[in-house]
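Take a look at the structure set out below.
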Amino acid sequence: MGVTENLLDCKVALLTGGWSDEREIALASARGCLSALQAAGFSHVDMMDVAEPGFVSRLEQGGYDVAFIAMHGIYGEDGCIQGLLEIMHIPYTFSGVLASARATEKAVAKQAYVAAGIPVPAGREVSAEQAADPTLAEELVAELGLPLFVKPASNGSSYGVTRVTEADQLPGALALALEKDTHALVEECVTGTEITVPVLGNDDAQALPIIEIDTGAEFYDLKVKYEPASLHHVIPARLPEASYQRAQELAVRAHQALGCAGASRSDFIVTAMGEPVILETNTIPGMTETSLFPDSARHAGIEFPELCRRLVELALER
């Protein structure tokens, strides 16, 4: 039996759902991945909601060869489900415990980016106690200017993110972000062309075609993210060749600096000077029909079923 046939005989646990703000997005990703894995020829794929009673027993007793993680946000993208799978000795798609935790904690990820020579926005992490200081808004505006972005320090998919254009908006923006996390991240607003750079692979990871995000909105918010891809995705991104190559290089460097595996997707703003500035790295990119990663892969000649097959292969390779 050939390698491909052996791979397709794998018993796959497709893990989704959970308790985060992104639960419904995760379920949509999983439905897409289920169809893609079946189209790729996998004969045994079980989709499981990790929030359902008895999930751990079902996973433990299922005799699974690999877990395909289709979860976003806390418990799924932050290293928690990865830790469980490590304990159970089940190989899994996407990044490991440490890389997942690093990428989720935006301030920690920024430290890794800076150490790797990747440009980042100026910013500051703010605790709930610091947010109560009446002089903080004035201090942040003096340090970072306006407009500013305020976001939860470890949440995803634009939940709790506010674009602040006036100092008196900061307290409300911080309160919203702190509803989602114990800390908020306040960053300067870097202007330019918004792009995202998917990366596929383990140690030999390579960047896929860059997608330009053309929204017409103030930023890539929740409403825009889940509208049809054709409305907002420009592939390949309309960048000078030097900026395009630089962004791909920095995305691979971010993947490696965080210790990512399988796949990642890093978001950047390319300034008027042509310099890509990184915003964040997603260790489990969305996998719905409107998602960025599958859209980029298609433009690289990798259809969705083949992409999912490769992700399983990369998980077993690790």
Using only heavy-atom distances, determine whether the side chains of Y159 and S20 contain a donor-acceptor pair under 3.5 Å. no
Sequence neighbours excluded, which residues qualify as ring pair (Phe, Tyr, Trp, His ring centres under 6.0 Å) partners of F55? none
What I want to find out is whether R310 reaches E313 closely enough, with some N-O distance under 4.0 Å, to be called a salt bridge. no
Atom CD of E249 with >12 non-hydrogen neighbours under 6.0 angstrom: yes
Of all heavy-atom pairs linking I211 and A237, the shortest is C-CB, 4.2 Å
Trace of the side-chain contact (heavy atoms from CB on, under 4.5 Å) decision for I210 with T196: CA-CA 6 Å; I210 298 176; T196 192; over 6 Å; no
Would you kindly say whether Q82 and E86 are connected by a side-chain donor-acceptor distance under 3.5 Å? no
Do the side-chain N and O atoms of S100 and D78 include a donor-acceptor pair separated by under 3.5 angstrom? no
Within a reach of under 6.0 Å around CG of D203, are more than 12 heavy atoms found that belong to other residues, nucleotides or ligands? no
Residues F268 and A251: closest non-hydrogen pair is CZ-N, 3.8 Å
Is atom CD of E143 surrounded by more than 12 heavy atoms (other residues, nucleotides or ligands) closer than 6.0 Å? yes
What residue among K110, R163, R124 forms salt bridge (charged side-chain N to carboxylate O under 4.0 Å, His left out) with E187? K110
Applying salt bridge (Lys or Arg N to Asp or Glu O under 4.0 Å) to D214 and R238, what does each step give before you reach the verdict? CA-CA 10 Å; D214 186 10; R238 297 165 294 188; 3.6 Å; yes
Under 4.5 Å between any side-chain heavy atoms of I118 and V277, yes or no? no
Just checking, any donor-acceptor pair under 3.5 angstrom between side chains of S264 and H255? yes
